[in-house]
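Written below as C-alpha cells is the structure these notes are about.
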Protein chains: 2
Amino acid sequence: MTNINDIAKIAGVSVSTVSRVLNNYKYVSEEKRNAVQKVINDLNYTPNKNAIDLIRGETNIIGVILPYNNNQAFDQMLQGILHRSVKMDFSVIVLPTKYDKKKELEYLAMLKNKLLDSIIITSKANAWDEILPFTTYGSIISCEYTDFKKIGCSYIDRYASYIDAFQTLKELGHSSVAFTTARGEESLSTQQTCQAYKEVFGELRPGTYISQCYCLEDGFQAAKRFFALNNKPSAIYANGDEVAGGIYQYAQSSGLKVPEDLAIIGQENQPVGVALGLATVDHHLMHVGEQAFELAIRKSRDKIKIPYNIIRRSSI
Amino acid sequence: MTNINDIAKIAGVSVSTVSRVLNNYKYVSEEKRNAVQKVINDLNYTPNKNAIDLIRGETNIIGVILPYNNNQAFDQMLQGILHRSVKMDFSVIVLPTKYDKKKELEYLAMLKNKLLDSIIITSKANAWDEILPFTTYGSIISCEYTDFKKIGCSYIDRYASYIDAFQTLKELGHSSVAFTTARGEESLSTQQTCQAYKEVFGELRPGTYISQCYCLEDGFQAAKRFFALNNKPSAIYANGDEVAGGIYQYAQSSGLKVPEDLAIIGQENQPVGVALGLATVDHHLMHVGEQAFELAIRKSRDKIKIPYNIIRRSSI
DNA sequence: ATGAAAGCGCTAACAA
DNA sequence: TTGTTAGCGCTTTCAT
C-alpha cells in the first residue's frame, strides 16, 4: 500500500502539501501541485478513506436496518433508498436484523462508532427507548410513524389505508371479508389491520385472518383454509399482490369466479397483480424509501406522510 | 465520544489492558478485567470500528457492484448475497454503477482503501484489464464467467441455457421465434442470446428481437411490435417473467391463444410467471449470489457453475 | 506557500 | 500479568 508519506517523499514535498493537493486547497504553488499530482498518477495512488473518515468523523455511508431481505415491502423501500443514494454519491449498507434486538443494537452502535452517518429503520425490533439514545451520534430515520421528536419519519398512514380498503369492500356489498397478514400479532401492521377490520365490520371473529403469508403459495394455502370454513369469505384483503395472486390461483382452481364469487384486493401494486388484474392498495413504498433517504442526509427530523391510493381492477 | 483512553484512565489501567479486555485476551487478572468491564458498561462505551479496521486492514464488509437497483436479475443475486451475509455476520454495501466506468473504478478503489474486504461484481462496465489490478488489494468475485485466474466466479452457463431454450421451442415445432432482451448489443447476455439463436435457427433476421425490455408494459409493447410485423412469431422467449407476463397480456388482449397461437417462455421463475402459468428458464440467480458470497469471504478464486433448469408450464 | 508535528482511536510489539 | 510506545494513513493547527 503506497501512502501519503510515499507520495510526499517521492514528490519531494511534505505530507501536508500532498494532503492539500488531495483536498484541493489553495496556497499550493502550481509547480508543487503538478509534481505531486504526477506522482499520484504514476503510482496510481488513492487515499485511504478509512483514515480520512477516522479523522473527519463522517463517512457518506448510510445504513438501512431491515428485518428480512426477502420481503417485498422492505425491498421496495430499499430500492427507493438506493435510487436516491446513487444520485447523491452515498453508499448504502444493508443491515438485516431478523428482528434480533441485539443485532439491531449492534447496528445502531455503528452510528456511535462513526462508521455510518445515519441510519434508516424500515422496521425495528427494539422499543424506541432503546433506540433514542443513539440519536446523539447521528440521525435516525424511521419508515414507521413515531411521535418522538428526535426521529425523522417517512411513513404511510397504514391504519387509514386499511380502513379505506375494508370500507371499499364493504361498500361493494361484502359483509364476509377475510384478510391475510405477514407476521402475527407481534407486528404493528397486523395489529392495525385487525383494528381497522373491527372499526369497519364491528367485530373480528376467529378465523378471519391468516398470518405468515409471504408468497404465492402461502396465498393459495390461505385461501384454501378460508374456504374450508363454515363462514366462507366473499372477499379477501391480501397483505401483498403475490399473496393475492395465490388466492386468485386458488379461486381459479376451484372454479370460483373473481370477483363474483370472491373479490380480491392486494397491496403494493406488484407485477403479478397487474398481470392478473388484481385490485391493490399502492402504498408507494419506493417513495417512502426515497424520502427517508432525503431526511437522512439532511439530518432532518421532519415527519413526511406519503399518500397511498387504491387501484381498482377487475378483481373487485 | 468516550474512547479507550478515557476507559483506561477511569479504570486506573493502561489502554492495552482495556484493549485486552475488549478483545478477550488472556493474561488479564480477573479484578482488572472486571474493573475495566464495569467502566465500559457504566459509560456505555463501544470501540470505534473505524480505528480498528484502519489497523487491522480488514472490515468484514463486502461490496456488491451492480449496474441498477431495479433489475430483477441483479436483485435476485443481491438477495442471495444478503442471505448468506446475515449468517456470517458480514455487512453488505450496495454499489450501483449504472454502468458508469469511472464510478465502478471508484468502488474498486474502496478495496484498495481498505474499506472493503472483497467485492462481488454482478455486472461490470470496465474491461477486465482495468479491474484486474485491484485484485492485489482484496478478492474480486464475478457473477459472470471469466478465464482470468485472479477472479473467482459464481456463474451460470447462459449460452447453454439460451441454446436449450431455443432448442426446446424448436422441438415443439416453432420455426418463427422472436425474443426480447434487456440492454442492447452492448450487453454480453444479449450477444449470447443472438449467438444462440443463430446456432439453433440458422440466421437472425432483423426484427427478430427487441431490446430495452424490463417490465410488464415493455413486454406488452414488444409483443405488439412483433405482431405488427409480416413475419409474426409463433413463440417468444422473453428475458424475464415480467416481460413474459406483458407478452401474455398482449396475447389475451388480442385474442391469441397461448400456447396454440403464441408460445411464451420467460426467465427466472418469478411470481408473475407462476401465477400466469408461464414456462420459464430458472437460472437460480439467488444461488449464484449465495455462492459468490462464499467465494468472497474465503477469498477463493474457484469457478463455480450454477446449473439452470427449464420449468415447463402451460404456456409452451 | 510550505513543513513539522500533534493527534484521530485503536492494536501490537516490546519491556518490565 | 501489566504498561509503554510506536505506529495505521490521514488532517490540521502552528510556525516559518
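Order of the sequence lines fixes the chain letters, A, B, ..., with proteins taken first and strands second; residue numbering starts at 1 for each chain.
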Selection: residues 30-45 of chain A, any non-hydrogen atom under 4.0 Å of DNA chain C: Lys32(A)
Nearest-angstrom distance from the residue atom NZ of Lys112(A) to C1' of dG9(C): 14 Å
Side chains of Leu285(A) and Glu268(A) in contact at under 4.5 Å (non-hydrogen atoms): yes
Touch class at under 4.0 angstrom, heavy-atom based, for Ser19(A) against every strand present: base
Sequence neighbours excluded, every pair satisfying ring pair (Phe, Tyr, Trp, His ring centres under 6.0 Å) that has a member inside residues 36-64 of chain A: none
Sugar-phosphate, base or nothing in reach of Leu54(B), heavy atoms under 4.0 Å: base
Residue pair Leu116(A) / Ile93(A): nearest heavy atoms and the distance that separates them: CD1-CG2, 3.7 Å
Salt-bridge present (Lys124(B), Glu104(B); N to O < 4.0 Å): no
Results of salt bridge (Lys or Arg N to Asp or Glu O under 4.0 Å) for Lys32(A) - residues two or more places apart only: none
Side-chain (Asn60(A)) to main-chain (Phe90(A)) donor-acceptor, under 3.5 angstrom: no
Terminal contacting nucleotides, 5' and 3', DNA chain D versus chain A (heavy atom, 4.0 Å): dG9(D) to dT13(D)
Those residues of residues 3-17 of chain A lying under 4.0 Å from DNA chain D by at least one heavy atom: Asn3(A), Ile4(A), Ser16(A)
Gap between atoms CG and P, on Leu115(A) and dC10(C) respectively (whole Å): 12 Å
Ile55(B) vs Arg20(B), nearer the 5' end of DNA chain D by closest nucleotide: Arg20(B)
Check: Tyr99(B)/Ser123(B) side-chain N/O donor and acceptor closer than 3.5 Å: yes
Spacing of Phe293(A) atom CZ and Ser118(A) atom OG [to the nearest 0.5 Å]: 8.0 Å
His287(B) to Ser154(B) - nearest heavy-atom pair and separation: O-OG, 4.5 Å
Sugar-phosphate only, base, or nothing, as touched by Val28(B) at under 4.0 Å among non-hydrogen atoms: sugar-phosphate
Pairs satisfying side-chain hydrogen bond (donor to acceptor under 3.5 Å, both in side chains), at least one member in residues 128-146 of chain B, at least two apart: Tyr145(B)-Asp147(B)
Value rounded to 0.5 Å, distance of OG1 in Thr2(A) from CD1 in Ile10(A): 7.0 Å
Between P of dG9(C) and CG of Asp53(A), the distance in whole Å: 14 Å
